Each structure stands twice: as structure tokens, then as C-alpha cells.
2 protein chains.
Amino acid sequence: MAQSRSRKFDEIAGVGRALGHPHRVLLLELIVQGGRPVERLAQLASLSTANASQHLQQLKRAGLVESQRSGKQVIYRLKDETVLHLLHAFQNCLEQQRVEIDVDRKERVEIIFREELMRRIRNRSIILLDVRPEDEFAQGRLPGAVNIPIEQLAKRIRELPKHKEVIAYCRGSYCVLSLEAMKLLNATGRRSRQFVEGYSGWRTNGLPIEALV
Amino acid sequence: MAQSRSRKFDEIAGVGRALGHPHRVLLLELIVQGGRPVERLAQLASLSTANASQHLQQLKRAGLVESQRSGKQVIYRLKDETVLHLLHAFQNCLEQQRVEIDVDRKERVEIIFREELMRRIRNRSIILLDVRPEDEFAQGRLPGAVNIPIEQLAKRIRELPKHKEVIAYCRGSYCVLSLEAMKLLNATGRRSRQFVEGYSGWRTNGLPIEALV
DNA sequence: TCAACAGTCAATAATTCAATTGAATAATTG
DNA sequence: CAATTATTCAATTGAATTATTGACTGTTGA
């Protein structure tokens, strides 16, 4: 019994350790956006392929991701939904820690909550703007979202109607792309709010997504 | 911006790393049962005081616990409720991983779900049995629970009425004390079920507890 | 079949971490 | 104020992790 207890602690510690290196957290967050081959993940994380491969294998050993060969590539994807919840729990923990510091950020931009957003997606009474890179958008997105990656937004902002409210989102609450977008939108006189939880928060809540085209 | 993203990953990794050693996970689980001074925690975890102190400081640095001097002792307690959620997320993750292996355990004992348990606590139509050690019971327990630590249960089982259903619980889903209890209860012909989530699951859901006497 | 490509493996050197020891600090007691 | 108790700090040792390198395995397509 004592043995079985301590095995539990070892197992939890094993998962903790897997999340105990920033590169692995980053890789995991990238995988949340959609399964991808090692080389692409390495690129996105600015790691050598070998290094990324090894980190990915650690995530796999911890049971957080799984891999599957497809042609000459190996695709890594999330093992299951509980991993999303785990990541979310980490983020909540950290957010709690900086309630005061966050006042800046939280109070300066207007935000929209999930319930209202769901209603207004159905109504089509808003423009839903996804500012993540194209490939992440292609992997999956909120229903009806339009994609203008943040680097292109300044140039392409005229594509967005001036008198409809814009809701911007990006990867999730840890991601600041949509905050950048808010600045641009507000600067052009558009009414805009941020959906803080982003793509990963949407998925975490089991809500429907669109993928491919 | 890239900088701010990577700080997020560092922070998450910092928390992950704090949970990356079995002793720290154990200490944290002990603290969930109630705040305690260093020496007691060290004892319970079978660590030297100095070693426990250092692990506790790491948990503190990661923002998972806080400490407060009280006389000549220093009491460590959980920082906030989000830490409970985090621990819970870890456990869910691991449970998911061994759905097949768990079939044994899950299907052999009868369980009761939170909603029914809440109703029947109000009704007083069950005996709610807490089999954790006395000190943990004293720190906090489900409303109306009676405490018979597992080591004493065989001797004291006659204290429990024979014709009322007994619900046994212990620390949480990772803890097997209540499974031991079920065996004893069933062996004496008592009808019994297990409340799997236990004390920590109850707290995680923000439900009311009793403390002290 | 052979070259190329995508990923993994094995060996290494640098860094970081864990547990132990004994000394230092802080609050309490006589 | 000295002695005691509870905790922390600092220094050491041995063990574990990390990133890098280059060799190695499969898979595809010429």
C-alpha cells in the first residue's frame, strides 16, 4: 500500500518533470494547435531536429503525446483531452499568482466571455478574427473565423468592415498575439474585444471547431 | 512579444519542475490535507528536516505553497485553490493513461457519485466513514463524517451499524485506504460504497467541510 | 538499387539538481 | 541572558539533465 502510494507520486513527478523544461512546454503548446511532424515542431520552437526529437520523446514517455509514422515523417499529437486540462490548470495557477500585475492587461482591453461569444457566432453579429499563423489556422479554428496573421494585419486591416464589432483571438490566454491585434484595431477606430481563452481554451471546453477548408 | 511568450513557458516549466520530484509531490499532497509545520511534514514524508525544508522552499518559490511563522514553528499551507485543481488535473491525466489497467479496481468496488453523496449527507441516510489518520481528520473532513483510521477499523468495525449503508472515503482518488476499508466492510456483510474522489476531490469542488471539533 | 530525407540513437561535455553535513538564525523558556 | 527548539543556510559530493555531434534506420522516389 505504501508502495502503491509512492508509485503514484513517482508517476505524478514523472509528468511534472516532463513539463519541467520550457522547450517541452513550448512543444506541447505547439502540438495543442494541431499534430505536426518533428521537423516543423523543431522549426517553430527554434530547436535542432535531434534536440526536439528527444524532448518529444520525453513528452511521449510521460504519456502526454503520441506519435505516428506517416510516410517518412513522424507526426506527434496530443494523447488525449486531459492533457489540455492539465495545461489549463497550469495557466490558471500562474494567473492566480499575478492577479495584481495582470490588472494592467485585463483592464485595458475589453474582453468577451465564452457564452456571449457562442451566441454571437451563431447570430453572425460579429467578425471573429484569428490572428495566428496560417498553418495553425488551417489545423483548426473557431467556427466562422477569418484568418489574418498578426504580421499581415496592419496591411490588410481594410478587409475588416468598419462598423461591425471585431472579436480577436489567438492561441490562448498565455498568447499575446491578439493583444497586438487589439491595438491595431482600436487605432483604426474599430470596436473590438478579445476572446482571452483563445483557441486552446475553446478546445478545452469541448466546443466545436472547423478544420481544413 | 517573443520574450513575453517565452517567459510564460519558463514559468510553467518552473511549476512543472517543482512538481517534478516525488518527495515534493508527496509534501504537497500532505499540505493539501492541512497546513503543518516543517518537522511534521518531514516526519510524514520520512525526510530529514533540512531536506524537507529545502523541498518546501522550492514549492514556495514556484508559488504552490506559502509559509507563515507561528511561534517557533513555520507552517506551510497551500497558496490557493488553483493548486488543488492542478493536482487534480495530474491525477486525471494519469487515470486516463491506465483506463484498461484500472478496470480491475473500478469495477470491483461500488462507488457513489458526488451528487448522490451530497443528497444523502443531508438526509443522514448513510454512515460516512473517513478512514484517514486522526490528525488529517481533525484538519478537515466531509460534513458529518465519522473517523476510524484504517489501522483501527478491523477492531472497531462493530461501532458501525449493520443495516445502514456505509460510504467510505480517504484522501482522494490516488489513495487506497478506502479500498482497504471496503474489503473489511464487505467481509462483515455491510453494504458499502466508496466515494472515490475523497477529501481532496470534495475540496476541489468547493464543497463545505467541517474542521476542528 | 541508390541517393535523399525525416527521425532516432549513442556518446560527450557542461550544467544543474539532490541529499548530507554542520553551522547560523529566530523565537521561546527558565 | 543562556539554553533549547524549530527552521534555514552554505558547502560538498555524487547523480541526473541538457545540447551537440555524428552515426544509424526506415521510407520515398529516381
Side-chain angles (χ1 to χ4, degrees), chain A residues 6 9-28 30-31 34-79 135, chain B residues 6 9-28 30-31 34-79 135:
Chain A
S6 86
F9 297 123
D10 289 345
E11 286 173 356
I12 292 183
V15 177
R17 174 158 286 181
L19 287 161
H21 193 290
H23 289 168
R24 286 194 291 271
V25 179
L26 170 52
L27 286 168
L28 195 56
L30 290 168
I31 292 172
R36 277 200 259 273
V38 178
E39 193 162 42
R40 184 91 187 91
L41 290 168
Q43 259 178 35
L44 292 168
S46 317
L47 299 175
S48 72
T49 308
N51 195 199
S53 170
Q54 281 165 190
H55 281 303
L56 288 166
Q57 282 169 63
Q58 286 193 56
L59 290 173
K60 188 176 171 184
R61 252 175 272 135
L64 299 173
V65 304
E66 59 190 7
S67 66
Q68 190 191 0
R69 182 138 217 151
S70 154
K72 41 182 159 180
Q73 314 192 102
V74 174
I75 311 291
Y76 278 81
R77 58 172 103 288
L78 277 197
K79 187 72 163 286
D135 60 329
Chain B
S6 86
F9 296 122
D10 289 345
E11 285 173 354
I12 292 183
V15 177
R17 175 156 284 180
L19 285 161
H21 193 289
H23 289 169
R24 285 193 291 269
V25 179
L26 170 52
L27 286 168
L28 195 56
L30 290 168
I31 292 172
R36 276 199 259 273
V38 179
E39 192 162 44
R40 184 92 188 89
L41 290 168
Q43 258 178 36
L44 292 168
S46 316
L47 298 175
S48 74
T49 308
N51 195 198
S53 170
Q54 280 164 190
H55 282 304
L56 289 166
Q57 282 171 63
Q58 286 193 54
L59 290 173
K60 188 177 169 184
R61 251 176 272 135
L64 299 173
V65 304
E66 60 190 8
S67 65
Q68 190 191 359
R69 182 135 219 154
S70 155
K72 44 182 159 182
Q73 315 191 101
V74 174
I75 311 291
Y76 278 82
R77 57 169 100 318
L78 277 197
K79 189 70 163 286
D135 60 329

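Computed from a predicted model, the values in this text were never measured in an experiment. Naming convention: chains lettered A, B, ... in sequence-line order (proteins, then strands); numbering from 1 in each chain.
We find that CD of B:Gln68 is positioned 13 Å from P of D:dT7, with the value rounded to whole Å. Taking atom CD of residue A:Gln73 and atom P of nucleotide C:dT8, one finds them 11 Å apart after rounding to whole Å. For the pair B:Asp10 CG and C:dT16 C1', the interatomic distance rounds to 15 Å; values are reported in whole Å. One interatomic measurement links the two molecules: CG of A:Leu27 to C1' of D:dT18, which rounds to 14 Å at whole-angstrom precision. Between the CD1 atom of B:Ile75 and the C1' atom of D:dT7 there is a distance of 12 Å, given to the nearest Å. Atom-to-atom, CD of B:Glu39 to P of D:dA6 comes out at 5 Å; the value is rounded to the nearest Å. Counting to the nearest Å, the C1' atom of D:dC9 and the CZ atom of B:Arg61 are 12 Å from each other. When rounded to the nearest whole Å, the span between CD of B:Gln43 and P of D:dT7 equals 10 Å.
The shortest distance between the side-chain N/O atoms of B:Ser53 and the OP1/OP2 oxygens of D:dT8 is below 4.0 Å. Using a 4.0 Å cut-off, some side-chain N or O of B:Gln57 falls inside it from OP1 or OP2 of D:dC9. For the OP1/OP2 pair of C:dT8 and a distance below 4.0 Å, the side-chain nitrogens and oxygens of A:Tyr76 include at least one atom meeting the criterion.
Side-chain contact between B:Leu28 and B:Leu78 is present, with at least one heavy-atom pair separated by less than 4.5 Å. Looking only at side-chain heavy atoms (C-beta outward), A:Leu27 and A:Val65 stay at 4.5 Å or farther from each other. Inter-residue side-chain proximity for B:Leu64 and B:Leu19 is flagged as met; some heavy-atom pair is nearer than 4.5 Å.
Residues meeting the side chain to side chain donor-acceptor pair (under 3.5 Å) test with A:Glu66, sequence neighbours left out: none. Residues passing the side chain to side chain donor-acceptor pair (under 3.5 Å) test with A:Gln58, sequence neighbours excluded: A:Arg24.
Here B:Arg17 lies in heavy-atom contact (under 4.0 Å) with sugar-phosphate atoms only. Using a 4.0 Å heavy-atom criterion, one finds that B:Arg40 contacts no nucleic acid atom at all.
A pairwise comparison of heavy atoms in A:Ala52 and A:Ala42 identifies CB-CB, 3.6 Å as the closest pair.
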(request) Sugar-phosphate means primed atoms, P, OP1 and OP2; the rest is base. With that split, encode nucleotides 19-24 of chain C 5' to 3' as B, S or - using protein heavy atoms under 4.0 Å. (result) BBB---
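For the salt bridge (Lys or Arg N to Asp or Glu O under 4.0 Å) condition, no pair includes a residue of residues 12-22 of chain B, sequence neighbours left out. Sorted by first then second residue, the salt bridge (Lys or Arg N to Asp or Glu O under 4.0 Å) pairs that include residues 34-63 of chain A, not counting sequence neighbours, are A:Arg36-A:Asp135, A:Arg40-A:Asp135.
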Under 3.5 Å between N/O atoms: give me all the protein pairs with nucleotides 25-27 of chain D, atom names plus distance.
none

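Using cut-offs of 30° and 60° for the angle between ring planes, the A:His23 and A:His55 rings count as perpendicular.
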